> 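Once you've had a glance at the structure underneath, I'll fire off some questions.
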Amino acid sequence: MNEPFYICGPTASGKSSLALEYALTLDGEIVNADAFQLYRGLEIVSAAPSADERARVPHHLYGVLEPTESADAQLYVKLAKPVIAEIQSRGKTPIITGGSGLYLKFLTHGAAPLPTGDATLRAEMDAKSLEELVAGLQELDPVEASRTALQNRRFVSRALEICILSGRKASDLRDQWESQTTAISSQLRGIVIQRSRPDLHTRIALRTVSMLENGALEEVNALSGVSSNCGKAIGFREIRSLIAGDLDRATCEELINAATRQYAKRQETWFRREKWLVPYPTEADNFNP
RNA sequence: GGGUAGAUGCCCGAGUGGCUAAAGGGGGCAGACUGUAAAUCUGCUAGCGAAAGCUUACGUUGGUUCGAAUCCAUCUCUACCCA
């Protein structure tokens, strides 16, 4: 039947327009897999598809969360699953496109049976030193501690959080899930867009300029209360500083470019590990959407 | 024209005789990563080499010294000040 088709790749690689092409030829509908395009009121900064594009093919899961809400991978799957099923029930092909590797991974491979993060507990842990957190994890789950990058506060606190909330060992819970991943991969179909670094960097720079010229300042200005999660969007902070007069335009632009390039690099690293994704263009095809 | 300060690796910047291929930061490259992920974290970053090592490096040229990014002279450039 209409198995989903995945279009992945780094930011600014041309996923949205390629998704549109695929949707038109495969009789499909597009489903967002981008953590920040989920938010309403962040369309310009997150480079969400334009109204024109959205008018040509049905687009789902764009602008479905308030900026005050906090997205996470689990919530994303909860939102995406029914939408995908609904598209399939109408005989259409879901074209899932986006660059949020973790969100995609949850969608394709499922979530490990781990507890959801708890805001109160996180606040408590944030007040502690890294050493204290490491000591806590080593006590509750030495196996997990030995597998975790202990310099990475985020990883240590999540592991500790799992132990505390579940009353079990994070290492045990994680092992349960890891056993079935390879079987799932063989069933999936999708592509990852490849572009040379110079090409990608040029596209990023062009996009930043057009973003700033086409309403990004007004957009950021209009966002009042923003969840800490939503506020992490690349460009949000920088544009805030620009508006406040703490940054000049050129510096703001360069900071956004650098952060975007670094993000794109991390995305490439992530998708490289997803062996089921077929590189696109496959050979030396011309690729200039 | 006179004076003062300065010129360091892709960029910023520390270093004021040997422990300096040169701190630190940025950028770049590579990697990790199942509920904050546009996050968080790790490694590498003059050239050649698997390595030992060799070569080229702190504006220019020359000098002092066993030894110079560091001291002296010269020239070039930059900034500011006085004319």
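Below, chain A is the first sequence line, B the second, and so on; all start at residue 1. Since we're looking at a predicted model, the values are computed, not measured.
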> Can you check side chain to side chain donor-acceptor pair (under 3.5 Å) on Thr116(A) and Gln74(A), steps first, answer last?
CA-CA 8 Å; Thr116(A) 303; Gln74(A) 183 185 46; 2.8 Å; yes

> Could you tell me whether the phosphate oxygens of A39(B), OP1 or OP2, come under 4.0 Å of any side-chain nitrogen or oxygen in Arg153(A)?
no

> How close or far is atom C1' of U42(B) from atom CG of Asn152(A), stated in whole angstroms?
9 Å

> Which comes earlier along RNA chain B counting from the 5' end, the contact point of Lys265(A) or that of Asp34(A), where each point is its nearest nucleotide?
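Upstream on the strand: Lys265(A).
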
> Please report, rounded to the nearest Å, how far the C1' atom of U40(B) is from the CG atom of Leu150(A).
14 Å

> Hey, is G18(B) sitting syn or anti, using the within-90° cutoff around 0?
anti

> Would you mind classifying the nucleic acid contact of Arg272(A) as base, sugar-phosphate or nothing, using non-hydrogen atoms under 4.0 angstrom?
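Touches sugar-phosphate only.
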
> Nearest whole angstrom, please: distance from the P of G27(B) to the CD1 of Ile256(A).
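Roughly 14 Å, once rounded to whole Å.
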
> Can a donor-acceptor pair under 3.5 Å be found between the side-chain atoms of Asp72(A) and the base atoms of A37(B)?
no

> Given atom CH2 of Trp270(A) and atom C1' of C41(B), what is their separation to the nearest angstrom?
13 Å

> Using the C1' atom in both, what is the distance from G53(B) to A21(B), to the nearest Å?
14 Å

> So which nucleotide from U40(B), G35(B), A38(B) ends up closest to the side chain of Ser100(A)?
A38(B)

> Write down the distance separating the C1' atoms in A73(B) and G59(B), rounded off to the nearest Å.
16 Å

> May I ask you to say what Leu75(A) touches in the nucleic acid, namely base, sugar-phosphate or nothing, with a heavy-atom cut-off under 4.0 Å?
nothing

> Output the pairing pattern of RNA chain B as a dot-bracket string, 5' first, Watson-Crick or G-U wobble with both distances under 3.5 Å, | for cross-strand pairs, [ ] for crossing pairs.
((((((((.[[[..)..(.....]]]((((((.......))))))(((....)))...[.[[[..)....]]].]))))))).

> Is a donor from one side chain sitting under 3.5 angstrom from an acceptor on the other, for Glu132(A) and Ser129(A)?
yes

> Say you pick atom C1' in C75(B) and the same atom in G6(B); how far apart are they, in whole Å?
16 Å

> Compile the donor-acceptor pairs under 3.5 Å between side chains in residues 209-216 of chain A and protein atoms, sequence neighbours left out, one pair per line.
from: Ser210(A); atom 1: OG; to: Arg207(A); atom 2: O; distance (Å): 3.4
from: Asn214(A); atom 1: ND2; to: Ser210(A); atom 2: O; distance (Å): 2.6

> For Ile234(A) and for Ala112(A), locate the closest nucleotide of RNA chain B by heavy-atom distance; then report the residue assigned to the nucleotide nearer the 5' terminus.
Ala112(A)

> Considering only the P atoms, how many Å lie between A30(B) and G47(B), rounded to the nearest integer?
16 Å

> Side-chain atoms of residues 228-240 of chain A: list all donor-acceptor pairs with protein atoms under 3.5 Å, sequence neighbours left out, distances to 0.1 Å.
from: Asn229(A); atom 1: ND2; to: Ala71(A); atom 2: O; distance (Å): 2.6
from: Glu238(A); atom 1: OE1; to: Gly235(A); atom 2: N; distance (Å): 2.9
from: Arg240(A); atom 1: NH2; to: Leu223(A); atom 2: O; distance (Å): 2.7

> How far, in whole Å, is A51(B) from G35(B) if one measures between their P atoms?
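Rounded to whole Å, the distance is 38 Å.
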
> Reckon Val156(A) touches a base, only the sugar-phosphate, or nothing at all at heavy-atom distances under 4.0 Å?
nothing

> What pairs with Ser186(A) under side chain to side chain contact (heavy atoms under 4.5 Å, CB included), at least two apart in sequence or on another chain?
none

> Whole Å only: how far is the CD atom of Glu238(A) from the C1' atom of A38(B)?
10 Å

> For atom C1', what is the distance between G9(B) and G15(B), given to the nearest Å?
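It works out to 14 Å between them.
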
> Please check if the number of heavy atoms outside Arg56(A) that lie under 6.0 Å from its CZ is greater than 12.
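For Arg56(A), atom CZ is not crowded (no more than 12 foreign heavy atoms under 6.0 Å).
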
> What's Ser46(A) touching, base or sugar-phosphate or nothing? Going by heavy atoms closer than 4.0 Å.
base

> Under 4.0 Å from OP1 or OP2 of G27(B): is there any side-chain N or O of Arg261(A) that close?
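False: Arg261(A) side-chain N/O out of range (4.0 Å or more) of G27(B) OP1/OP2.
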
> Going by the rule side chain to side chain donor-acceptor pair (under 3.5 Å), which residues pair with Asp248(A) if we only count those two or more places apart in sequence or in a different chain?
Thr251(A)

> In residues 62-69 of chain A, what donor-acceptor pairs under 3.5 Å come from side-chain atoms, sequence neighbours left out?
from: Glu66(A); atom 1: OE2; to: Arg40(A); atom 2: NH1; distance (Å): 2.0
from: Glu69(A); atom 1: OE1; to: Glu66(A); atom 2: N; distance (Å): 2.7

> What distance, rounded to whole Å, do you find between the two C1' atoms, one in A69(B) and one in U56(B)?
15 Å

> Assess whether side chain to side chain donor-acceptor pair (under 3.5 Å) is satisfied between Ser100(A) and Asp34(A), documenting all intermediate values.
CA-CA 5 Å; Ser100(A) 297; Asp34(A) 182 291; 4.6 Å; no

> Using a heavy-atom cut-off of under 4.0 Å over every strand shown, decide if Ala71(A) touches base, sugar-phosphate, or nothing.
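The residue Ala71(A) makes sugar-phosphate contact but no base contact.
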
> Which part of the nucleic acid, if any, lies within contact of Gly110(A), taking any heavy atom under 4.0 Å across all strands shown: a base, the sugar-phosphate backbone alone, or nothing?
base

> What is the distance, rounded to the nearest whole Å, between atom CG of Leu130(A) and atom C1' of U40(B)?
12 Å

> Side chains of His60(A) and Glu29(A): is there a donor and an acceptor less than 3.5 Å apart?
yes

> From the options A38(B), C29(B), A32(B), select the nucleotide whose nearest atom is closest to the side chain of His201(A).
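Out of A38(B), C29(B), A32(B), the nucleotide with an atom closest to His201(A)'s side chain is C29(B).
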
> I want to check one thing: is the phosphate of A30(B), taken as OP1 and OP2, less than 4.0 Å away from some side-chain N or O of Arg197(A)?
yes

> Would you call Lys265(A) and Glu268(A) a salt bridge, taking side-chain N to carboxylate O under 4.0 Å as the test?
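The answer is no: the pair does not qualify as a salt bridge.
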
> OH of Tyr263(A) versus P of C41(B): gap in Å, rounded?
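Those two atoms, OH and P, are 17 Å apart.
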
> Distance check: side-chain N/O of Tyr103(A) vs OP1/OP2 of A37(B), anything under 4.0 Å?
yes

> Using only side-chain N and O atoms of Thr260(A), determine if any of them is under 4.0 Å from OP1 or OP2 of A38(B).
no

> Among the nucleotides G35(B), G28(B), A38(B), which one has an atom lying closest to any side-chain atom of Thr116(A)?
G35(B)

> Under 4.0 Å between a side-chain N or O of Gln262(A) and OP1 or OP2 of A38(B)?
no

> Give a yes/no on whether any side-chain N or O of Asn257(A) is located under 4.0 angstrom from OP1 or OP2 of G27(B).
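False: Asn257(A) side-chain N/O out of range (4.0 Å or more) of G27(B) OP1/OP2.
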
> Take the protein atom CZ of Arg237(A) and the nucleotide atom C1' of A38(B), then report the distance between them rounded to whole Å.
13 Å

> Does a nitrogen or oxygen in the side chain of Arg174(A) sit under 4.0 Å from OP1 or OP2 of G35(B)?
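So the side chain of Arg174(A) is within the cut-off, an N or O lying under 4.0 Å from OP1 or OP2 of G35(B).
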
> Would you say G31(B) has OP1 or OP2 under 4.0 Å from some side-chain N or O of Thr269(A)?
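Yes, within the criterion.
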
> Using the C1' atom as the point on both nucleotides, what is the distance between A46(B) and C41(B), in whole Å?
28 Å

